[in-house]
Every structure is written in structure tokens, then in C-alpha cells.
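I have placed the structure first, in the form of C-alpha cells, so that the comments after it can refer back to it.
Not measured: the values here are computed from a predicted model. Reminder, nothing fancy here: chain letters follow the sequence lines and each chain counts from 1.
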Amino acid sequence: MSVSTVRTRFAPSPTGMLHIGGARTALFNWLFARHHRGKFILRIEDTDAARNTQEATDIITRGLSWLGLHWDEGPEVGGSYGPYYQSQRSGIYEAYLTKLLQNGSAYHDQDGTVRFRIPRESITVYDIICGHPTFDLKEEPDITLRRKDGSFIFHFVNVVDDIEMKITHVIRGEDHLSNTPKHIALYRALGATPPAYAHIPLILNPTGSKMSKRDQGASLADYMAQGYLPEAITNYLCLLGWSPGENREIFDLDLAVERFDLQHVNHSNARFDIDKLYWINGEKMRALTPERLLRFALPILQDAGLVSENTPRERVLGALQLVREKIKLGRDLPSWCSYLLKDDFAFDPEARAKHLDNPESRKLLASLHESYSKLDDWNASALEQTLKTLAEQLGVKVGALVHPCRVALTGRTIGPSLYHLLEYLGKEESLRRFKRVLDD
RNA sequence: GACCCUAUCGUCUAGUGGUUAGGACACCGCCCUUUCACGGCGGCGGCACGGGUUCGAAUCCCGUUAGGGUCGCCA
């Protein structure tokens with residue numbers, strides 16, 4: 001039990017995207033902080049002012065918010081150790097640099113840059129995940145701290161900010177492990193105690209190398225756009241290198257917070273498996289409460305022009321309930337809901353040719369139309385009973401009635417439970433759609 | 001090239017000296033079923049290799065191999 005409060009941070013550079021690997025780093029930092037009832041800090045590493053815009057920062061904050069990873073200190077929320085943008089902290093860096101210059105740990109080189117005098121010794125990193133690798137810095141070139149134009153380099157500002165912001169645990173990608181001994185040397189030169197380190201394994205692309213910005217699926221925004229659920233993303237990301245035990249694969253953030261533990265984070269890199277994420281998304285989709293389902297789907301259906309301000313929410317929710325268990329992604333919603341929310345849907349030519357454009361099918365459909373016209377009790381089980389009875393009377397298989405019926409109602413061969421579909425559309429609309437086909 | 005990390009089914013993982021090596025995704029069958037899904041049942045498939053240590057190694061040690069990462073006035 002540590003006396004001091006755990007403080008972790010996610011320190012992304014605003015590059016214009018929130019990388020999926022960055023999202024997982026943020027997630028693990030967040031989980032660790034929450035598990036220990038500590039603080040999770042968001043710090044924007046925008047030292048390269050020219051390239052960084054407000055928009056690029058917004059992409060990060062929007063992404064984290066969407067995932068449900070709220071920060072205790074940082075942009076938008078403030079905090080006692082701000083500012084939380086490196087571009088606004090030059091004064092602090094200058095002061096620390098002066099200190100290094102004065103105690104002889106740093107020097108100006110011929111080009112006008114300031115460099116750190118790397119101690120010619122071995123430094124051991126005590127890492128919660130990777131053990132304690134020792135690095136020999138004998139051959140290591142002195143690192144640059146400040147460019148000749150006055151701007152600072154990552155290694156330096158990163159360390160200074162972690163000291164200033166009282167970060168207790170640095171949880172970051174394993175690609176930083178080799179940099180860590182230099183950071184520790186910097187801490188020592190500054191008279192500060194290094195934090196605890198935990199280098200988490202990398203997320204690899206399906207080919208097996210570090211997932212880069214250019215890789216398909218590297219940007220969180222893509223998943224948001226395709227209609228993945230944030231809880232599916234966080235669930236999947238947790239599974240990449242960590243497991244809650246008991247063979248549990250589907251769980252929420254609360255459970256992860258309760259059980260998260262850096263000691264049990266894997267040592268080896270993991271490949272990103274979109275199929276599994278896809279599966280998890282389906283699981284989460286089916287588990288959504290009606291309210292969440294509606295909130296999630298409404299903007300998608302509105303964008304697709306299927307729902308307007310005036311569409312009764314009951315009607316939308318009914319359609320969603322009908323199709324939600326058939327699909328896995330939000331982006332599939334419009335196509336599956338189209339014939340439920342409007343009647344001018346397109347007919348799949350193949351479906352039409354096979355199930356409607358022949359005398360036999362039309363005859364059967366006409367019979368069904370007649371039977372259903374006489375049905376007053378318009379509910380799924382009565383509809384089913386009626387159809388089955390008719391099939392028996394006509395001496396045909398149930399499918400012979402079902403398929404033309406489905407195509408007449410939806411224009412395609414696959415879709416939700418037919419009887420529930422009929423119930424949802426209502427008698428008047430269902431008969432109208434039959435008639436439309438029969439009169440054609 | 002040097003240094004560092006890693007190594008269980010195709011993929012993600014459980015496993016911390018004694019298990020018929022468990023689960024999940026994917027894949028393949030069968031069942032359920034009006035379609036598509038869901039669900040159920042079954043199958044395929046793994047401890048990289050070689051040495052040790054031990055009565056006994058997936059588990060510990062060494063080596064080999066393989067993969068990844070880092071060696072910037074990028075972060």
C-alpha cells in the first residue's frame with residue numbers, strides 16, 4: 001500500500017488521429033488509476049507548434065470521451081499542475097534546463113543546440129512488466145534537449161512534466177523501453193526520483209509489425225464511423241495483453257477497473273484481430289438497453305435519411321429491436337431498417353426473380369393476402385398460425401409462402417423474423433405491400 | 001549492425017514444477033429455424049528447437065532460431 005496517490009497520465013501528440021495503440025495506452029493508464037482510486041491526467045505533447053492544431057487536440061479529447069475514459073486533470077477540466085499543453089510550458093522547461101546547464105549535466109554544442117551529458121554507466125530499469133533490464137549507456141550519444149530555434153525535445157519535456165505533474169506510474173508502449181534509461185539519467189541529473197515504469201506490449205497489425213498510422217484500422221475514428229460501440233472497443237483492447245480471469249471475455253469497464261493489475265499484463269506483443277472485435281461488438285449490441293440502443297442508432301438512421309425529427313421514437317425503437325440481433329455493426333443499421341421505416345425500398349432483382357416473378361408464387365401470395373385480410377388479431381403468433389394453416393390447406397411447404405411474403409414486404413430474402421415483421425408493419429401496411437406486388 | 005523485449009492452437013489468451021494443456025475468435029460439421037443471425041452440440045488445431053536442472057517441465061537455467069522494438073534537432 002502506497003501512501004501517495006497514484007497519478008498516471010496519457011500524453012499524446014496531436015497528430016490528427018487517436019491511434020488505436022494510443023487508445024489502449026490511455027485505457028491501461030485509466031484502469032490503473034481508477035483501480036487505485038488515483039488520478040488520470042491528460043497532457044497534450046504539442047511541442048511541434050506548427051503541426052498541431054486545436055482540431056488535432058479535439059480529436060483526442062473526443063475519442064477519449066467517446067471511449068468513456070474521463071481524465072481528472074487536463075484540457076477542458078484544468079487541474080493544479082497545468083497548463084496541460086506543452087506548448088504553454090516553455091517557462092518551466094527553461095528553468096529546468098538552466099538547472100542542468102548549471103550543474104554541468106547539459107551543455108551547448110557547436111550547432112547551438114543544448115545536449116544532455118549522458119552518464120557513461122549502466123542503468124537498470126525496474127519495470128513492472130518487463131522485469132529489470134540493464135542498459136549500458138557507454139556508447140549512447142548525448143541526446144538533444146533543446147533545438148537551436150529554442151524548441152524542446154520530447155525526452156526532456158516528457159520527464160520535466162512527469163516530475164512537475166507528480167506522475168507516480170509511467171505506463172506506455174514498449175517502444176519506449178529503450179529510451180527509459182536515458183529518462184532515468186535525466187531524473188537523476190535533475191535530483192528527482194523516477195516514477196515506476198510499466199511498458200506494455202505493442203499492438204501489431206495483422207502482418208506482425210507495429211501498427212502504424214498508415215495501417216488499416218489504426219485510427220479510432222474509423223471505428224466510430226463504422227458504428228462500433230465504445231464498450232466493444234474498450235473490452236477488446238483490454239483483452240489485448242490482459243485478461244480478467246475465469247475465461248471471461250465479455251465484460252464492462254467496471255469489472256476491468258475492479259480487477260486490473262499491471263503484474264498480469266502480458267509481456268508479448270499482440271496482433272490486432274478485427275474478427276474478434278467484430279464479434280464482441282455483436283455481443284455488446286445485443287446487450288444494449290433500449291435507451292442506449294436508441295441513442296446509439298438515432299444519429300446513424302438520421303444520417304441515412306430514414307428518420308426525421310417527426311418519426312415516432314416508438315417506431316424507430318421497434319425497428320431496432322427487430323434487427324439488432326441480426327447485425328453486428330452500426331453501419332449495417334440503415335440497410336436493415338430501410339424497409340421498416342419507409343416503403344419505397346429497392347427490390348433485390350434476384351430475390352424478385354426467384355420468389356415473385358412466377359405464376360405459382362403470385363398465386364400463393366394472393367392466397368396469403370386473402371387469408372391475412374380476414375385476420376383481425378394481428379400479432380406474431382396469430383400471423384404464424386394463419387400462414388401455417390394456409391400452407392397445410394394448399395398442400396405446400398411453409399417456405400413456399402414465407403419467401404414470397406418476405407420479398408414482397410422487404411424486397412430481399414434475408415431479414416428479421418417474418419411474423420414479427422408483419423406485426424411491426426401492421427395489417428394495413430402489410431396488405432398494401434402485398435397488393436402492390438400483386439398488381440404489378 | 002549493436003542493445004532491449006518476447007515466444008502456448010491461424011489469432012487473442014488461461015496456465016507460474018505433477019492438467020487428458022482450459023477458454024474465446026475464425027474455420028468445418030450437425031441440431032434449432034421461414035431467411036439471416038443467435039443459441040446448442042461436436043470437430044480441426046498449440047507449448048519454436050536443442051541442451052541442461054529435477055523423481056517429474058509449457059512452467060526454472062543456458063544456447064539456437066524466429067518475431068518485435070529502440071538506437072533523430074519525431075513523439
Is there a Watson-Crick or G-U wobble partner for [N] with both distances under 3.5 Å, and which nucleotide is it?
{"N": "B:C49", "value": "B:G63"}
{"N": "B:U33", "value": "none"}
{"N": "B:C55", "value": "B:G18"}
{"N": "B:G72", "value": "none"}

Legend entry - Evaluation steps, ring-ring contact (aromatic ring centres under 6.0 Å, His included), between A:F116 and A:H183: CA-CA 11 Å; A:F116 176 53; A:H183 293 184; over 10 Å; no
Could you work out the separation of [N] and [M] based on their [atom1] atoms and round it to a whole Å?
{"N": "B:G69", "M": "B:C30", "atom1": "P", "answer": "43 Å"}
{"N": "B:G46", "M": "B:C41", "atom1": "C1'", "answer": "23 Å"}
{"N": "B:A37", "M": "B:A26", "atom1": "P", "answer": "11 Å"}
{"N": "B:U20", "M": "B:U33", "atom1": "C1'", "answer": "36 Å"}
{"N": "B:C74", "M": "B:U16", "atom1": "C1'", "answer": "40 Å"}
{"N": "B:C47", "M": "B:A21", "atom1": "P", "answer": "12 Å"}
{"N": "B:A58", "M": "B:G51", "atom1": "P", "answer": "14 Å"}
{"N": "B:U34", "M": "B:G22", "atom1": "P", "answer": "37 Å"}

Inset, instruction - Find which nucleotide of RNA chain B each of A:I129 and A:W242 is nearest to by heavy atoms, and output the residue with the more 5' nucleotide. - result: A:I129
Inset, instruction - Determine whether the aromatic ring centres of A:F347 and A:F345 lie less than 6.0 Å apart. - result: yes
Inset, instruction - Indicate, with yes or no, if the rings of A:H132 and A:Y197 have centres closer together than 6.0 Å. - result: no
Please give, in whole Å, the distance from [N] [atom2] to [X] [atom1]?
{"X": "A:F272", "N": "B:U13", "atom1": "CZ", "atom2": "P", "result": "12 Å"}
{"X": "A:K213", "N": "B:A75", "atom1": "NZ", "atom2": "C1'", "result": "8 Å"}
{"X": "A:I200", "N": "B:C4", "atom1": "CD1", "atom2": "P", "result": "22 Å"}
{"X": "A:Y236", "N": "B:U11", "atom1": "OH", "atom2": "P", "result": "12 Å"}

Could you tabulate the donor-acceptor pairs under 3.5 Å formed by side-chain atoms of residues 395-409 of chain A, not counting sequence neighbours?
unit_1 : atom_1 : unit_2 : atom_2 : d
A:R406 : NH1    : A:P416 : O      : 2.9
A:R406 : NH2    : A:P416 : O      : 3.1

Inset, instruction - Please determine, by modelled atom types, if A:H108 and A:T113 share a side-chain donor-acceptor pair under 3.5 angstrom. - result: no
Legend entry - Footprint string (nucleotides 66-73 of chain B, 5' to 3'): B base within contact, S backbone only, - free, heavy atoms under 4.0 Å: --BBSSSB
Inset, instruction - List the protein contact pattern of nucleotides 21-40 of chain B with one symbol per nucleotide (5' to 3'): B for base contact, S for sugar-phosphate-only contact, - for none; contact means a heavy-atom distance under 4.0 Å. - result: -BBBSS-------BBBBSS-
For residues 238-249 of chain A, which side-chain donor-acceptor pairs fall under 3.5 Å, sequence neighbours excluded?
unit_1 : atom_1 : unit_2 : atom_2 : d
A:S243 : OG     : A:G245 : N      : 3.2
A:E246 : OE1    : A:R259 : NH1    : 3.2
A:E246 : OE1    : A:R259 : NH2    : 3.4
A:R248 : NH2    : A:I250 : O      : 3.4
A:E249 : OE2    : A:K276 : NZ     : 2.9

Legend entry - Any A:H267 side-chain nitrogen or oxygen under 4.0 Å from OP1 or OP2 of B:C5: no
Legend entry - Sidechain N-carboxylate O distance under 4.0 Å for A:D348, A:R412: no
Legend entry - Salt bridge A:E350-A:K354, side-chain N to carboxylate O under 4.0 Å: no
Inset, instruction - Would you please test A:E360 and A:R362 for salt bridge (Lys or Arg N to Asp or Glu O under 4.0 Å) and show each step? - result: CA-CA 5 Å; A:E360 181 63 13; A:R362 298 179 82 89; over 6 Å; no
Inset, instruction - Before giving the answer on ring-ring contact (aromatic ring centres under 6.0 Å, His included), spell out for A:F272 and A:Y236 the whole-Å C-alpha distance, their side-chain angles and the decisive distance to 0.1 Å. - result: CA-CA 10 Å; A:F272 195 85; A:Y236 178 65; 5.2 Å; yes
Atom pairs under 3.5 Å: protein N/O with N/O of nucleotides 44-47 of chain B:
none

Inset, instruction - Using a cut-off of strictly less than 4.0 Å between a heavy atom of the residue and any atom of RNA chain B, enumerate the qualifying residues of residues 347-375 of chain A by number. - result: none
Inset, instruction - I would like to know whether A:F260 and A:H35 meet ring-ring contact (aromatic ring centres under 6.0 Å, His included); could you show each step before the answer? - result: CA-CA 7 Å; A:F260 190 74; A:H35 178 83; 7.5 Å; no
Inset, instruction - Evaluate the ring planes of A:Y372 and A:F434, with Trp represented by its six-membered ring, and classify them as parallel (under 30°), tilted (30 to 60°) or perpendicular (over 60°). - result: parallel
Legend entry - Residue among A:Y81, A:Y93, A:Y84 satisfying side-chain hydrogen bond (donor to acceptor under 3.5 Å, both in side chains) with A:D161: A:Y93
Inset, instruction - Could you please spell out the steps behind the side-chain hydrogen bond (donor to acceptor under 3.5 Å, both in side chains) verdict for A:H169 and A:R7? - result: CA-CA 6 Å; A:H169 299 258; A:R7 291 173 62 82; over 6 Å; no
Legend entry - Sugar-phosphate only, base, or nothing, as touched by A:G173 at under 4.0 Å among non-hydrogen atoms: nothing
Legend entry - Spacing of CE belonging to A:M224 relative to CD1 belonging to A:I59, to within rounding of 0.5 Å: 10.0 Å
